[in-house]
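Both ligands and their constituent atoms are indexed starting at 1 by order of listing.
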Amino acid sequence: MLNIVKARAHTNIALIKYWGKKDPHLFIPMNSSLSLTLDEFYTDTSVKWLPVTESDVFYLNGEKQSQEETKKISAFLDLFREKSQHFSPIEVASINFVPTAAGLASSASAFAALGAAMNRLTGLDLSEEDLSTYIRRGSGSATRSVFGGFVQWTKGNSHKTSRAKFIDDASWDIGMLTLVVNSNSKKISSRQGMAHTVNTSQFYPAWVEAANQDLIAIKQAIAQRNFQKLGEITEANGMKMHGTMLGANPPFCYFEPGSILAMNAVRTLREQGYACYFTMDAGPNVKVLCRKSQMKELQTQFQALLPDLTIISSGVGQGIQILESH
Ligand code: ADP
Ligand code: DP6
Ligand code: CO
């Protein structure tokens, strides 16, 4: 039996978004989604058994977390404890190499890393696809972080069938720039935002229909390695997701003034001939899908148009890794 395991998972940015749960308890989504895993942003998480007389503890970036945060983690650990029938308490120590709760997908790398570490610590050693069904129940977007490259989360209709599927390694000149408009933590979490949208937005049924169509089209674009089509579908799908929030009651919005300026900068550079397309998640930051070979030049161009913003460039990330186990 192992005592301690450390795992790494990278974040992923959805090109076809997940925005709404059909089953909030099991994290079954309303639509299938598709993402790109990034190498620049990740989470490292260690898990260690504690004596039975103690209880779960959770450190994030060196700080002991509140009871409320720890309860969320304990509920996730329980899935692995029940499956493996090893019931001891656990110490979780996690470091985010990504801003927490800023719409840069910290929950994706977080639960993928924690799930990967627990999979090894408990000796379950599930395959990546099977493991993704457990990781899903920590945070939906984390399902897709088990693999690198382009990854689909197939919505399914049960715990077992709602899972990650590797699509393509994205090794055809793909990169992503992040235009950091604001890296503070957001006021409305993804979880709250999507639940409110599902419950109140008149546009929601149209979103589900559009996302189903967009997924089929983007998979064709990937199979054909058609970057323009990939980018156009990505940009349009993201905007449709944000449209659902404007149709909610009361309406809400993750855009900030800087987000609009950043999106305009993408359009400007596209008019100048650069192949670049934006997407946004539940936060004000703007991600730009581009050619890896143009990333350096594009970063300079964006910095000139948006001098106040921090710009981070990223290549394609790999799937979950075990860094240590003993
Ligand atoms: P994001 O856009 O960063 O994914 P979310 O609202 O989806 O924002 O999720 C943020 C939440 O994810 C945090 O408030 C915290 O509860 C959880 N989280 C983030 N990082 C970690 C981590 N390393 N380990 C465990 N939970 C984490
Ligand atoms: C806009 O996975 O963070 O980034 O499942 O409730 O933890 P929970 O939400 P989360 O939602 C991500 C929403 C999104 C789109 C996406 O990543 O697909
Ligand atoms: Co999240």
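- For ligand 2 and Lys21, the ligand atoms under 4.0 Å from any heavy atom of the residue are 5 (O), 6 (O), 8 (P).
- Annotation for ligand 1: atoms under 4.0 Å from non-hydrogen atoms of Ile73 are 25 (C).
- Among all protein heavy atoms, the one lying closest to atom 13 (C) of ligand 1 is Thr100 CG2, 4.2 Å.
- Among the candidates Asp214, Leu15, Leu34, Leu215, the single residue satisfying the side-chain contact (heavy atoms from CB on, under 4.5 Å) test with Ile233 is Asp214.
- Among all protein heavy atoms, the one lying closest to atom 19 (C) of ligand 1 is Ser106 OG, 3.4 Å.
- At least one N/O-N/O distance between Asp281 and ligand 2 falls below 3.5 Å.
- Ala101 CB, 3.7 Å is the protein heavy atom nearest to atom 10 (C) of ligand 1.
- At the shortest separation from atom 9 (O) of ligand 1 among protein heavy atoms lies Ser107 CB, 3.4 Å.
- Counting heavy atoms from C-beta on, the side chains of Trp207 and Lys17 come closer than 4.5 Å.
- Closest approach of Ala108 to Ala142, counting heavy atoms only: O-CB, 3.3 Å.
- Atoms of ligand 2 lying under 4.0 Å from any heavy atom of Met241, numbered from 1 in the order shown and given with element: 1 (C).
- Taking every heavy atom of Lys72 and a limit of under 4.0 angstrom, the matching atoms of ligand 1 come to 16 (O).
- Taking every heavy atom of Ala282 and a limit of under 4.0 angstrom, the matching atoms of ligand 2 come to 1 (C).
- Taking a 4.0 Å cut-off on heavy atoms, Arg136 fails to register as neighbouring ligand 2.
- Below 4.0 Å from some heavy atom of Arg144 lie the following atoms of ligand 2, by number and element: 16 (C), 17 (O), 18 (O).
- Of the polar atoms of Ser189, none of the N or O atoms is found under 3.5 Å from an N or O of ligand 1, judged by distance alone.
- Atom CD of Glu68 is separated from atom OG of Ser66 by 5.5 Å, given to the nearest 0.5 angstrom.
- Contact of the Thr37 side chain with the Tyr42 side chain is not registered, since no non-hydrogen atoms from C-beta on lie closer than 4.5 Å.
- The N/O atoms of Asn12, backbone and side chain alike, include none that comes under 3.5 Å of an N/O atom in ligand 2.
- Side-chain N/O atoms of Gln301 and Tyr274 include a donor and acceptor closer than 3.5 Å.
- Looking only at protein heavy atoms, the nearest one to atom 20 (N) of ligand 1 is Asn96 ND2, 3.0 Å.
- Of all atoms in ligand 2, listed by their number and element, those nearer than 4.0 Å to a heavy atom of Ala14 are 16 (C), 17 (O), 18 (O).
- Between Trp19 and Tyr254, the two ring planes are perpendicular [angle over 60°; tilted spans 30° to 60°].
- Both the sub-6.0 Å distance and the 45° axial angle are satisfied by Arg291 relative to the ring of Phe227.
- Remark: among candidates Gly283, Ala110, Ser185, Ala282, the nearest residue to atom 27 (C) of ligand 1 is Ala110, based on non-hydrogen atoms.
- Between Tyr18 and Pro29, some side-chain heavy-atom pair lies under the 4.5 Å cut-off.
- For the 3.5 Å distance criterion, the side chains of Ser74 and Asp56 qualify, holding a donor opposite an acceptor.
- A side-chain contact (heavy atoms from CB on, under 4.5 Å) with Arg8 is found for exactly one of Thr45, Thr43, Asp44, namely Asp44.
- Scanning the protein for heavy atoms near atom 15 (C) of ligand 1, the closest one is Glu69 OE1, 3.6 Å.
- The closest non-hydrogen atom to atom 23 (N) of ligand 1, taken over Ser139, Ser94, Gly140, Gly193, comes from Ser94.
- Close contacts of ligand 1 with Ala102, meaning ligand atoms under 4.0 Å from a residue heavy atom, involve 3 (O).
- When Tyr42, Phe58, Phe111 are ranked by how near their heavy atoms come to atom 24 (N) of ligand 1, first place goes to Phe58.
- When all heavy atoms of Asp281 and Ile13 are compared, the closest pair comes out as OD2-CG2, 3.8 Å.
- Shortest contact from atom 5 (O) of ligand 2 to any protein heavy atom: Tyr18 OH, 2.5 Å.
- Distances below 4.0 Å separate heavy atoms of Leu104 from the following atoms of ligand 1: 2 (O).
- Proximity of the aromatic rings of His159 and Tyr134 is defined here by a centroid distance below 6.0 angstrom, and this criterion is met.
- For ligand 2, the atoms closer than 4.0 angstrom to any heavy atom of Phe27 are 5 (O).
- For atom 11 (O) of ligand 2, the nearest protein heavy atom (residue, atom name, distance) is Met194 CE, 3.2 Å.
- Residue Gln152 is tested with Lys219, Arg144, Lys165 for a side-chain hydrogen bond (donor to acceptor under 3.5 Å, both in side chains); the sole match is Lys219.
- Proximity of the aromatic rings of His10 and Phe41 is defined here by a centroid distance below 6.0 angstrom, and this criterion is not met.
- For the pair Gly103 and ligand 1, the shortest N or O to N or O distance falls below 3.5 Å.
- Applying the 4.0 Å criterion to heavy atoms of Ser190 picks out, from ligand 2, the atoms 3 (O), 9 (O), 10 (P), 11 (O).
- In terms of polar-atom proximity, defined here as any N/O pair under 3.5 Å, Arg191 does make such a contact with ligand 2.
- Of the polar atoms of Gly140, at least one N or O is found under 3.5 Å from an N or O of ligand 2, judged by distance alone.
- Between Lys229 and Glu232, no side-chain nitrogen of the basic residue sits less than 4.0 Å from a carboxylate oxygen of the acidic one, so the salt-bridge criterion is not met.
- The closest side-chain heavy-atom distance from Ile311 to Thr178 is not below 4.5 Å.
- Taking any N or O of Ser141, backbone or side chain, at least one lies under 3.5 Å from an N or O belonging to ligand 2.
- Checked against a 3.5 angstrom limit, the closest N/O atoms of Thr43 and ligand 1 fall outside it.
- For atom 10 (P) of ligand 2, the nearest non-hydrogen atom from the set Gly138, Ser139, Ala108 belongs to Ser139.
- The atoms of ligand 1 that sit less than 4.0 Å from any heavy atom of Ser190 are 5 (P), 6 (O), 7 (O).
- When the heavy atoms of Arg191, Met194, Lys186 are ranked by distance to atom 6 (O) of ligand 1, first place goes to Lys186.
- For the residue pair Ser32/Trp153, the side-chain donor-acceptor check at 3.5 Å is not satisfied.
- The option with the heavy atom closest to atom 3 (O) of ligand 2, from among Ala211, Ser107, Gly238, Gly20, is Ser107.
- Leu114 is listed as a side-chain neighbour of Val92, based on a closest heavy-atom distance under 4.5 Å.
- Within the coordination shell of the Co ion (ligand 3), defined by N, O or S atoms under 2.8 Å, Ser107 is present.
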Derivation of the side-chain hydrogen bond (donor to acceptor under 3.5 Å, both in side chains) call for Asp173 and Ser293
CA-CA 6 Å; Asp173 199 15; Ser293 55; 2.8 Å; yes
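- In summary, the side chains of Asn12 and Ser145 do present a donor paired with an acceptor at a separation below 3.5 Å, with no hydrogens or angles considered.
- Within ligand 1, the atoms closer than 4.0 Å to a non-hydrogen atom of Leu60 are 22 (C), 23 (N), numbered from 1 in the order shown.
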